[in-house]
Each structure stands twice: as structure tokens, then as C-alpha cells.
Participant: 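Would you mind keeping the following structure in view while I ask a few things?
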Amino acid sequence: MSSRHASVETVEDAEALQAELRRLVEADVPGPEQVATVAGFDVAYDTDTDLLAGAVVVLAAPRWELIASATAAGRVTFPYVPGLLSFRELPPLLEAWEAVLPQLAAPPDLLVCDGHGIAHPRRFGLACHLGVTVGLPTIGVAKTPFVGEHSAPGPHRGERAPIILGGEAVGAALRTQDGVREVYLSVGHRTNLDSACRWVLDLCPRYRLPETTRTADQLSRAALAEARLTV
DNA sequence: GCGACAG
DNA sequence: ATCTTGTCGC
């Protein structure tokens with residue numbers, strides 16, 4: 001698991017591993033029919049101290065109430081390289097994941113993370129890496145575009161426009177609330193674009209960003225603040 | 001070669 | 001990611 005990451009320390013190693021793991025991605029299969037629980041992932045950074053903190057939250061339908069969570073703080077082990085974000089964020093996220101699993105009666109039905117899935121230069125963004133690693137359905141929801149072209153979706157909640165890369169739809173610009181800026185989502189693993197849009201809308205009953213993202217963001221920041229006191 | 005570039 | 005107050009608007 002993480003031992004596999006221990007050997008990845010250069011851009012070359014990371015890209016080689018991506019090329020290997022991308023073949024495992026299932027990006028056009030039926031998504032979860034029901035979602036009783038959903039997990040959210042996010043990482044916060046302190047640029048001064050090199051500290052980072054990952055957080056995993058588990059929310060329960062239909063109100064998306066927090067039922068479990070875990071965090072993991074540590075030092076940055078990989079630089080930010082566009083296209084290799086997962087090698088930077090996965091270590092703390094997987095550590096938090098391992099800590100949250102024992103709190104659950106069953107694995108979450110869906111995982112949502114910050115950043116893209118297959119809307120990625122090599123079709124293997126953070127959401128894909130997380131998905132194939134834990135073997136569960138994942139969706140990537142990003143606040144800004146990364147690759148591909150898309151037109152502006154209509155102004156109302158639920159309207160969307162495909163993100164086109166290399167002639168294929170790799171994701172969608174989705175309006176999650178009337179009049180707010182769109183989010184950019186793509187399949188990570190074991191689901192499809194329609195299902196992903198459906199569940200992301202469900203996770204955005206009130207705000208632009210999914211409840212999973214909002215809650216995980218808060219928790220990761222709190223965990224980072226806690227970790228800074230230790231330094 | 002130049003500019004862009006999730007978090 | 002992160003640095004950051006007030007302010008316009010529903």
C-alpha cells in the first residue's frame with residue numbers, strides 16, 4: 001500500500017506508476033444506486049513549516065450529517081507538480097482513511113475528493129489514484145478547470161457542459177446552485193459521468209461545493225492548526 | 001521556444 | 001494550497 005509509495009520519489013517514478021495504475025481505472029461503469037454514506041477528502045498545507053494535514057469525513061444521507069472522521073498530519077514528501085498532485089496528497093489521506101475505516105460498520109458507498117479524476121493530462125488524477133487504491137467508487141470535484149475545453153453551462157442548478165479532451169467527454173462543468181460559478185467534476189473510479197453529476201448535485205443542497213468538501217476542508221484546517229502547535 | 005498548469 | 005477586511009446583495 002503505502003510501501004508502494006515509498007519508492008516513488010521522482011517525477012519519473014510517479015509518471016511510471018501512473019501509467020501502470022491508469023489501466024485499472026473503471027470510468028464508464030454503473031455508479032452506486034444508493035448512497036447511504038459518503039466520504040470526503042481534503043488536505044491543508046502550511047507553507048512555512050512544510051506541514052500538511054489530511055482529513056477524511058464520513059457523512060450520512062439524506063442530511064449528510066457527520067458520522068465519522070479522522071485526520072493525519074505530517075511533512076510534505078512530494079512537491080506540487082501539476083499532474084502529480086496525488087503523490088503529494090495521498091499519503092496523509094490514506095493514513096486518515098485507515099483510521100476512519102474501523103469506525104464504520106460498512107465502507108462508504110462513494111468517495112469525493114478535491115481535484116480531478118480522469119480530467120487529467122494522463123487521465124489519472126487524484127480521484128483515480130485514490131479510487132484504485134481503496135477499490136471504491138470515487139468522484140473528483142475541482143474548483144478550477146485543469147485540462148480540456150468546455151462551454152459555459154446554463155445559469156441554473158443542475159445545468160452542465162461536458163469537458164472535452166482529445167475528442168471525448170472526460171468530465172463536466174456543473175452548476176450546483178443557481179447563479180454560482182460552476183464546479184468541475186470527473187469520474188475517479190467505478191462510476192460514470194451521469195451518476196457522478198447526480199450525486200454531486202445531491203451533495204450540494206445549499207452551497208456551491210459538496211458538503212463532503214466543505215466538511216473535510218474545515219477538519220483538515222483544524223488538524224493543521226493543531227499540528228502547528230506541536231512544532 | 002512560450003505559456004499554462006488540480007491543490 | 002496560502003497571504004486577507006470590508007463590503008455588496010439576497
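Protein chains get the first letters and strands the later ones, always in sequence-line order, with residue 1 at the start of each.
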Participant: Name the nucleic acid region contacted by A:Leu126, choosing base, sugar-phosphate or nothing; use a 4.0 angstrom heavy-atom cut-off, strictly under.
Facilitator: base
Participant: On the nucleotide C:dC3, are OP1 or OP2 found under 4.0 Å from the side-chain N or O atoms that A:Thr47 carries?
Facilitator: no
Participant: Could you verify whether a donor N or O on one side chain and an acceptor N or O on the other, from A:Asn192 and A:Ser195, lie under 3.5 Å apart?
Facilitator: no
Participant: Could you tell me the separation between the OH atom of A:Tyr45 and the P atom of B:dA6, rounded to a whole number of Å?
Facilitator: 12 Å
Participant: Starting from C1' on C:dA1, measure out to CZ on A:Arg228 and report it in whole angstrom.
Facilitator: 13 Å
Participant: With the side chain counted from C-beta on, respond yes when A:Cys113 and A:Leu126 share a heavy-atom pair under 4.5 Å apart, and no when they do not.
Facilitator: yes
Participant: How many whole angstroms separate atom NE2 of A:His150 from atom C1' of B:dA6?
Facilitator: 13 Å
Participant: Please give, in whole Å, the distance from B:dG7 P to A:Phe78 CZ?
Facilitator: 18 Å
Participant: Have a look at A:Gly140 and say if it touches a base, only the backbone sugar-phosphate, or nothing, with a 4.0 Å heavy-atom cut-off.
Facilitator: nothing
Participant: Would you please indicate if the ring centroids of A:Phe124 and A:His129 are separated by under 6.0 Å?
Facilitator: yes
Participant: Does CZ belonging to A:Arg228 count more than 12 external heavy atoms closer than 6.0 Å?
Facilitator: no
Participant: Give A:Pro121 one of three labels, base, sugar-phosphate or nothing, depending on what nucleic acid heavy atoms sit under 4.0 Å from its own.
Facilitator: nothing
Participant: Expressed as a whole number of angstroms, how long is the span from A:Asp50:CG to C:dA1:P?
Facilitator: 17 Å
Participant: Taking atom types as modelled, is there a side-chain donor on A:Glu89 or A:Tyr45 under 3.5 Å from an acceptor on the other?
Facilitator: yes
Participant: Starting at atom CG of A:Asp48, determine the distance to atom C1' of C:dC3, rounded to an integer number of angstrom.
Facilitator: 10 Å
Participant: Heavy atoms under 4.0 Å, any strand shown: does A:Ala44 hit a base, just sugar-phosphate, or nothing?
Facilitator: sugar-phosphate
Participant: Could you work out which one of B:dC5, B:dG7, C:dT2 sits closest to the side chain of A:Phe146?
Facilitator: B:dC5
Participant: Is A:Tyr80 stacked on the base of C:dA1, meaning ring centres closer than 5.5 Å and planes within 30 degrees of each other?
Facilitator: no
Participant: Using atom CD of A:Gln18 as one end and atom C1' of B:dA6 as the other, report the distance to the nearest whole Å.
Facilitator: 12 Å
Participant: Nearest whole Å is fine: how far is B:dC5 C1' from A:Lys143 NZ?
Facilitator: 15 Å
Participant: Do the side-chain N or O atoms of A:Arg88 get closer than 4.0 angstrom to the phosphate oxygens (OP1, OP2) of C:dA1?
Facilitator: no
Participant: Mind checking A:Leu84 for me? I need base, sugar-phosphate or nothing, with any heavy atom below 4.0 Å counting as a touch.
Facilitator: base
